[in-house]
Amino acid sequence: MDLQHWLREAARSHQEWAAGYGPYEPHPSLAVDDGRFAEAFGEFTERLKDNYPFFHPRYAGQMLKPPHPAAVVGYTAAMLINPNNHALDGGPATAAMEREVVAQLAAMFGFATHLGHLTTSGTIANLEALFVARELHPDLGVAYSEEAHYTHGRMCRVLGIEGHTVPVDDRGRMDVDALEELLRTGRIGTVVLTAGTTGLGAIDPVDRVLPLRERYGVRVHVDAAYGGFFTLLAGAEGEAGLPAGPWWAVAGCDSVVIDPHKHGLQPYGCGAVLFADPEVGRFYLHDSPYTYFTSAELHLGEISLECSRAGAAAAALWLTFRLLPPTPDGLGRVLGAGRRAALRWSALLEASEVLEVYQPPELDIVSYFPRTDPLAFSAVDAAAERMLHRGMTEDDPVFISTLRASADAFSARHPGVAADKDGARVLRSVLMKPESEHRVDELHDRLERLATAG
Ligand SMILES: *Cc1c(COP(=O)(O)O)cnc(C)c1O
């Protein structure tokens, strides 16, 4: 699709709709002449160049990529109206779209029933899940793994509940025995499992924890902010397929968070929280004298902690899902490409004499480190840092990221690397663009050259 064409169409269709209400006089206080605009815009676009090329396969660093053009056009077209999905009277069309995309997400996870909504971010979505958890278990704590996103610890403090970290195994997954030991204390009301850790993409064993839900009377919340869409590859044939166990078990959990602004091709400002039991809506109820006067239905604003929220975010996701739905043949193909890229790169790293895999990729995140001489934390750390900076600044640039590995985590995976300090940075590449699939050999060669350049 031609972005310029469809952006013009977005503006045109908005004008056509607006014209139906008859002409009105624009206020002179808002007038900007084209000459002044051109000057400001020139300065603005120059300023924007101070960015990394997230769109390009050379960028193989953090979890960043531009939205799909369909999302850009959908967002722009809706933003010209600027509906607020806080309440139905803030924009009925985008509120309806939000309900539809949320139902698609719930179906993707296999939820039989659901209550959910979009949020501005995974952080807010997780906060909402923990807020509901606290309402149900006001005096009990929350357990999450050492590798869980730091938001869980922080939000436990915000909510005034106790957070407990559970150790992980040598693949960064929650240790179920350690969890059960903690559950036996009777101090835990909610277990947070991460399906795709932010650092390495590790999947906590949701299927093994789920039976503990009944036994210990705990809620199970799944933070799939990053990894959620990978459920589309669960049980799939071919090399991109993922073990189905943990993913299919999500359907039996109490809540799940997913970020369409990570793997759902959306611009920032699009997370989602889903609850399996619609009854939890009662914890949100409030009476606002200002809004909610057009319908007796439960409004989105009545089931979310945030108030104003971009209806455009729902519109963008809706339009994207019309074209690339959250199904194995839709978005699944996009994620499969990144997964194959990660596996391919991992195989090249295995065969490399200068680079070594830190942990085999669970999803589309590759982690690796230079085989330094001497092979010790301090040398690996310094070389990783040097490669990161040289990669960005030299000709034929390549953009990667670093991940801090603790001494324990590093030694559990690579006991042969001398532990001469308290851990080391390793290199990390998130291959979330399907285009990475065509670029892996070049990326690998470039990284090998960086590793050997003294
Ligand atoms: C990104 C992420 C978050 C935080 O989400 P934001 O959208 O950045 O606020 C929480 N948990 C996990 C596992 C994540 O990857």
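In each ligand, atom 1 is the first atom listed, and ligand 1 is the first ligand listed. Sequence positions, counted from 1, serve as the residue numbers for this chain.
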Flag yes if more than 12 heavy atoms outside [X] fall under 6.0 Å of its [atom1] atom; otherwise flag no.
X	atom1	value
Tyr52	OH	no
Arg208	CZ	no
Arg184	CZ	yes

### Task
Could you label the plane-to-plane angle of the Tyr226 and His263 rings as parallel, tilted or perpendicular, counting under 30° as parallel and over 60° as perpendicular?
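It falls in the tilted class, 30° to 60°.
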
Just jot down the ligand 1 atoms closer than 4.0 angstrom to any heavy atom of [X], in number order.
X	result
Thr198	12 (C), 13 (C), 14 (C), 15 (O)
Ser121	7 (O), 9 (O)
Gly122	5 (O), 6 (P), 7 (O), 9 (O)
Ala225	2 (C), 3 (C), 10 (C), 11 (N), 12 (C), 14 (C)

### Query
What about the rings of Phe410 and Tyr358, do their centers lie closer together than 6.0 Å?
yes

### Message
If the contact criterion is a heavy-atom separation under 4.0 Å, does His261 count as touching ligand 1?
### Response
yes

## Note on the structure
atom 9 (O) of ligand 1 has as its nearest protein heavy atom Thr123 OG1, 2.4 Å

### Message
Considering non-hydrogen atoms of the protein only, which is the closest contact for atom 11 (N) of ligand 1, and what is the distance?
### Response
Asp223 OD2, 2.6 Å

### Query
Are Glu306 and Thr120 linked by a side-chain donor-acceptor pair shorter than 3.5 Å?
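Yes, side-chain donor-acceptor contact under 3.5 Å.
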
### Task
State, without any angle test, whether Gln266 and Tyr75 hold a side-chain donor-acceptor pair at a distance under 3.5 Å.
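No, because no side-chain N or O of Gln266 sits under 3.5 Å from a partner of the opposite role on Tyr75.
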
#### Entry: Geometric N/O contact Gly196 with ligand 1, under 3.5 angstrom
no

### Message
Taking distance alone, with N or O pairs closer than 3.5 Å, would you say Asp259 contacts ligand 1?
### Response
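Among all N and O atoms of Asp259, at least one is under 3.5 Å from an N or O of ligand 1.
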
#### Entry: Shortest non-hydrogen separation from Ala11 to Leu80 and the atoms involved
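Heavy atoms of Ala11 and Leu80 come nearest at CA-CD1, 3.9 Å.
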
### Task
For ligand 1, note which part of Thr197 has a heavy atom under 4.0 Å away: side chain, backbone, both or neither.
neither

#### Entry: Nearest-option assignment for atom 1 (C) of ligand 1, heavy atoms, candidates Lys262, Met63, His149
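Shortest heavy-atom distance from atom 1 (C) of ligand 1: Lys262.
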
